[in-house]
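Structure first, commentary second.
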Amino acid sequence: MKIAAKILTGIGAGLAGLGIRDVLQREHAVQRNYPVVGHLRYLLEDIRPEVQQYFIERNWDGRPYDRDVRSVIYQRAKGGLGEDPFGTELDVQAIGYEYLVHSVAPLDAPDDPPRPVVGGPDCTQPYAMALLNVSAMSFGALSANAVRALNGGAALGGFAHDTGEGGISDYHRENGGDLIWEIGSGYFGTRTDDGRFDPARFADKASDDQVKCVAVKLSQGAKPGVGGVLPAAKVTAEIAAARGVPVGVKCVSPAAHSAFSTPIELIEFIARLRELSGGKPVGFKLCVGSRVELLAIVKAMRTVGTAPDFIVVDGSEGGTGAAPLEFENSVGMPLTFGLMDVHNALVGAGLRDRVRVGASGKVSTGADIVKRLIQGADYTNAARAMMMAIGCIQAQRCHTNKCPTGVTTQSAWRQRALDVPTKTLRVRNYQQATVTEAMRIMAAMGVADPPALDPTMLRQNVSSHRSASYAELYDWLAPGELLDEAPAAWAGAWRSASPDTFAR
Ligand SMILES: Cc1cc2nc3c(=O)[nH]c(=O)nc-3n(C[C@H](O)[C@H](O)[C@H](O)COP(=O)(O)O)c2cc1C
């Protein structure tokens, strides 16, 4: 009996020691929040990777993030090479598989990645954008510590951090990383008491030097046409202050903007924001729905005589803190099609040289960046990959305020597990390593600069015995072609599009 008691005491003391160590360490958020039992996750992962798959993806029908991709994000965030052993596990002859075309005459990758300059002729404060940036995610959807780490990483690595539609909080300001200030239909942080756009508040905040660009959010790929919702439990005093809304009351942004209701009014609103901000780049973000609506906006640019400085295209495969399943799965255009439509519409209307195009939707590797550049983007943004860089394990509790890793919760206890200095470095590491790989791929393709990429360099298997390049698979408009004579595939939509109405 005495021996058994001693053994039990020894085990108890060991577990207590392990628990204390877990709470004090700063590397692993799950162990910090779940001392001792948190080890089970790692133990099971070591026994068999499929167990990790089960734990992480038990709610998914599909596979939003391939296990290898997620593992590479984690490795790169921790400063590792992000290399994968043994070879691809993909079926490289499957229909739909895509590959980039390398060259027998590869180049050396440049030391400094290029930075497309955002800012058309009406902009007086252009911004040199990185090839990969932090996509829009609000303080509210994200914890204060997550916002701090993302912004700190952006400051260290010299890339941009989009605030999301929840406004600019104190946590966005602590580290001084470059901000893209997003304005959604709720006009959070720049609204009147009745929820309308307030020009004076806007001018005041937009003049802050940390704000490098302003993005009007028209829609988001995971829930196009639905306003954002922040559950009442997440509307703390701090969030209410950043947004200019009451504490503890469900915070809803309307589906549509009240500041404009026609394509012409949208472009005039953008011009007004640019003026109020002192000439900073102003653009919009959307998930493309109908090509007619897109062309209506393009026609409005020509009618008003100005254009947004950038357009960010979000794909229907994009992420969210909370959205109805039906919208996530069944509404909106996938990024590949939306991106090429926006690029071609601007080329065809003779506007591409003054509007930069960003792309978001599961961008997580260097290959994703290169692929999107070929399809018409100038730069890319990532949301969920950045969340993984700060410790997200896809527990999918974002909407419950019970995120186990402290990324998407307002609970002070849970977010304490997210150690800001450690995760700040991880954001910087992940972005840097991913852009470096994009540059290495371009060099392997014999390309020194993104503008030299072309659609022959991306191929897709169209059957089990044939592949075709993007140059063959899709229409690529010539500069001004819509204005001269729209090609057959575009003629109907171009005719139907009116700058006076979004109706189609
Ligand atoms: C937690 C979370 C919150 C988001 N909040 C916003 C937002 O406030 N505004 C917005 O335009 N997009 C928002 N998004 C969408 C992302 O900015 C991005 O467009 C989309 O997730 C696609 O990128 P990803 O596939 O890299 O996640 C959010 C996404 C996530 C995961």
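We count ligands from 1, going down the list as the structure has it; atoms in each ligand are counted the same way. Note: hydrogens, waters and symmetry copies are ignored here, and every other heavy atom, side chains too, is used.
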### Query
Looking only at side chains, do T409 and N401 share a donor and an acceptor under 3.5 Å apart?
yes
### Query
Which of the atoms in ligand 1, numbered in the order shown and given with their element, are less than 4.0 Å from a heavy-atom of K285?
10 (C), 11 (O), 12 (N), 15 (C), 16 (C), 17 (O), 18 (C), 19 (O)
### Query
Does an N or O anywhere in G319 fall below 3.5 Å from an N or O of ligand 1?
yes
### Message
For ligand 1, which is the ligand I care about here, please tell me if N381 has any N or O atom under 3.5 Å from one of the ligand's N or O atoms.
### Response
no
### Message
Just to be sure I'm reading this right: ignoring hydrogens, which of M386, Q220, E182, M137 gets closest to atom 11 (O) of ligand 1? Compare them by their nearest heavy atoms.
### Response
E182
### Task
Examine V363 against ligand 1 and note whether any of their N/O atoms are separated by less than 3.5 Å.
no
### Message
Between ligand 1 and C398, can you find any atom pair, the residue atom being a heavy atom, that is separated by under 4.0 Å?
### Response
no
### Task
Identify the heavy atoms of Q415 and N145 that sit nearest to each other, and give their distance.
O-ND2, 2.9 Å
### Steps toward side-chain hydrogen bond (donor to acceptor under 3.5 Å, both in side chains) verdict (S360, D314)
CA-CA 5 Å; S360 56; D314 200 25; 2.7 Å; yes
### Task
Would you sort out whether R70 and Q394 count as a side-chain hydrogen bond (donor to acceptor under 3.5 Å, both in side chains), showing the intermediate values?
CA-CA 10 Å; R70 197 173 45 230; Q394 283 184 235; 3.1 Å; yes
### Query
Which atoms of ligand 1 are found less than 4.0 Å from any heavy atom of M387?
31 (C)
### Task
Report yes or no: do T422 and E27 form a side-chain donor-acceptor pair below 3.5 Å?
no
### Task
Give me the ring orientation class for Y171 and F139: parallel if the planes are under 30° apart, tilted from 30 to 60°, perpendicular past 60°.
perpendicular
### Query
Does T380 reach the main-chain N or O of L131 with its side chain, forming a donor-acceptor pair under 3.5 Å?
yes
### Query
Numbering the atoms of ligand 1 from 1, which are under 4.0 Å from a heavy atom of E165?
7 (C), 8 (O), 9 (N)
### Task
Give the atoms of ligand 1, by number and element, whose distance to some non-hydrogen atom of G361 is under 4.0 Å.
22 (C), 23 (O), 25 (O)
### Query
Looking at S360, which atoms of ligand 1 are within less than 4.0 Å of one of its heavy atoms?
19 (O)
#### Entry: Whether H161 and H172 hold their rings parallel, tilted or perpendicular, with breakpoints at 30° and 60°
tilted
### Task
Would you check whether E317 has a nitrogen or oxygen atom less than 3.5 angstrom from a nitrogen or oxygen atom of ligand 1?
no
### Task
Could you check whether the rings of F337 and Y474 sit parallel, tilted or perpendicular, using 30° and 60° as the cut-offs?
tilted
### Part of D314 within contact of ligand 1 (heavy atoms, under 4.0 Å)
side chain
### Query
Which of the atoms of ligand 1 are close to K362, meaning less than 4.0 Å from one of its heavy atoms?
24 (P), 25 (O), 26 (O)
### Query
Between F188 and W181, does a ring pair (Phe, Tyr, Trp, His ring centres under 6.0 Å) hold up when you go through it step by step?
CA-CA 11 Å; F188 297 126; W181 181 17; over 10 Å; no
### Summary
Quick note on ligand 1: atoms under 4.0 Å from a heavy atom of A382 include exactly 26 (O)
### Task
Using distance alone, decide if ligand 1 has a nitrogen or oxygen within less than 3.5 Å of any nitrogen or oxygen in T320.
no
### Task
Using distance alone, determine whether T408 and ligand 1 share an N or O pair under 3.5 Å.
no
#### Entry: Ligand-residue contact atoms, ligand 1 with S138, heavy atoms, under 4.0 Å
8 (O)
### Query
Okay, side chain of N429, backbone of A77: is any donor-acceptor separation there less than 3.5 Å?
yes
### Query
Is there a nitrogen or oxygen of A136 sitting under 3.5 Å from a nitrogen or oxygen of ligand 1?
yes
